[in-house]
Undergrad: 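Sharing a structure below in structure tokens format, with a few things to ask.
Protein chains get the first letters and strands the later ones, always in sequence-line order, with residue 1 at the start of each.
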Amino acid sequence: SQWGEENLQALSIQEGEDVTMNCSYKTYTTVVQWYRQKSGKGPALIILIRSNEREKRSGRLRATLDTSSQSSSLSITGTLATDTAVYFCATDAPNNYAQGLTFGLGTRVSVFP
Amino acid sequence: EAAVTQSPRSKVAVTGGKVTLSCHQTNNHDYMYWYRQDTGHGLRLIHYSYVADSTEKGDIPDGYKASRPSQENFSLILELASLSQTAVYFCASRTGNEQYFGPGTRLTVL
């Protein structure tokens, strides 16, 4: 597996709190993508961070990438009930752009009012 | 806006039967993918295609075939459906780094 053998994690938080989730990967990559999947929907890209970036922000989202430890994190500040979803990290197959993404197992985030 | 549609959205099949899942994209993207998602797991790549009339095996191709008759259409075929193929199937198209996913097809094999 491209990714560490973590299980699907689950986090329950209250609206307004901040949340951070982590992923580690095994093989070299130049891009880490984070996808959000809401119940009954397909995943959708929410933020992408490249190997020459240590941090990337988009609205309430913040992604970090540490290529030395081959890990990435996604933080959401001031969570809303609408942030309830499963969040996946994903990378491209090494040296084969066409092959598609390898996904981590995901983190289920439940935000309660 | 990018659009990937899948049909059917839900299907119940019998063991040993043939199942065809269809995907249609209006994005004009060359790359298309089929993934399956099992409870408690991320998405795993079954087949992909980067041009019409050509398909490639992904990470878990056993028991599945794919067909790409045109740039817009990409099908996943289960010739002999098995219980272990019960899952949700997602199709995606790609431009640059981003993949655009369809809404998924929930397949139950009994």
Undergrad: Indicate, with yes or no, if Met32(B) and Leu45(A) share a hydrophobic cluster defined by side-chain heavy-atom contacts under 4.5 Å among Ile, Leu, Val, Met, Phe, Trp and Tyr.
TA: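 As far as the 4.5 Å side-chain criterion goes, Met32(B) and Leu45(A) are not connected within one cluster.
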Undergrad: Is it the side chain or the backbone of Gln6(B) that comes within 4.5 Å of chain A heavy atoms, both, or neither?
TA: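 When you check distances to chain A, no heavy atom of Gln6(B) falls under 4.5 Å.
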Undergrad: Let me know if Leu45(B) has heavy atoms under 4.5 Å from chain A in its side chain, its backbone, both or neither.
TA: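 For Leu45(B), side-chain heavy atoms alone lie under 4.5 Å from chain A.
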Undergrad: Please name the pair of heavy atoms, one in Phe90(B) and one in Gln37(A), separated by the smallest distance, quoted to 0.1 Å.
TA: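 Closest approach of Phe90(B) to Gln37(A), heavy atoms only: CZ-NE2, 3.2 Å.
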Undergrad: Can Tyr100(B) be reached from Leu21(B) by stepping across I, L, V, M, F, W or Y side chains whose heavy atoms are under 4.5 Å apart?
TA: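 They do not share one cluster, since no chain of ILVMFWY contacts under 4.5 Å joins Leu21(B) to Tyr100(B).
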Undergrad: Following the transitive rule for hydrophobic clusters with a side-chain heavy-atom cut-off under 4.5 Å over Ile, Leu, Val, Met, Phe, Trp and Tyr, establish whether Val88(B) and Trp34(B) coincide in one cluster.
TA: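 Val88(B) and Trp34(B): separate clusters.
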Undergrad: Are any side-chain N or O atoms of Tyr35(B) and backbone N or O atoms of Leu101(A), one a donor and one an acceptor, separated by less than 3.5 Å?
TA: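 Yes, the answer is positive, given that a donor and an acceptor are paired below the 3.5 Å cut-off.
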Undergrad: Can you name the residues of residues 47-77 of chain B that have some heavy atom under 4.5 Å away from a heavy atom in chain A?
TA: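 Interface residues of residues 47-77 of chain B: Tyr48(B), Tyr50(B), Asp59(B).
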Undergrad: Any chance you could lay out the side chain to side chain contact (heavy atoms under 4.5 Å, CB included) test for Tyr35(A) and Gln99(B), step after step, and finish with the verdict?
TA: CA-CA 10 Å; Tyr35(A) 283 77; Gln99(B) 293 197 10; 3.6 Å; yes
Undergrad: Side chain, backbone, both or neither: which part of Arg44(B) has a non-hydrogen atom closer than 4.5 Å to chain A?
TA: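 Contact with chain A: none, neither part.
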Undergrad: Using non-hydrogen atoms and a limit below 4.5 Å, what part of residues 78-87 of chain B faces chain A?
TA: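 The list, in residue order, is empty: none.
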Undergrad: Non-hydrogen contacts under 4.5 angstrom with chain B: give the residues of residues 54-67 of chain A involved, or none if there are none.
TA: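 The stretch does not come within 4.5 Å of chain B.
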Undergrad: Should the heavy atoms of other residues, nucleotides or ligands under 6.0 Å from NZ of Lys38(A) be counted, would the total exceed 12?
TA: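 Yes, enclosed.
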Undergrad: Can you give me the closest heavy-atom contact between Gln33(A) and Asn97(B), atom names plus distance?
TA: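 Residues Gln33(A) and Asn97(B), closest heavy atoms: NE2-O, 2.7 Å.
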Undergrad: State yes or no: do Ile46(B) and Tyr31(B) share one hydrophobic cluster built from I, L, V, M, F, W and Y residues joined by side-chain heavy-atom distances below 4.5 Å, directly or via other members?
TA: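 They do not share one cluster, since no chain of ILVMFWY contacts under 4.5 Å joins Ile46(B) to Tyr31(B).
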Undergrad: Name, in order of residue number, those residues of residues 102-110 of chain B that have a heavy atom at a distance of less than 4.5 Å from a heavy atom in chain A; otherwise write 'none'.
TA: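 If one takes a 4.5 Å heavy-atom cut-off, the residues of residues 102-110 of chain B near chain A are Gly102(B), Pro103(B).
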Undergrad: If you group Ile, Leu, Val, Met, Phe, Trp and Tyr by side-chain heavy-atom gaps below 4.5 Å, do Tyr33(B) and Phe88(A) land in one group?
TA: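 Shared cluster, yes.
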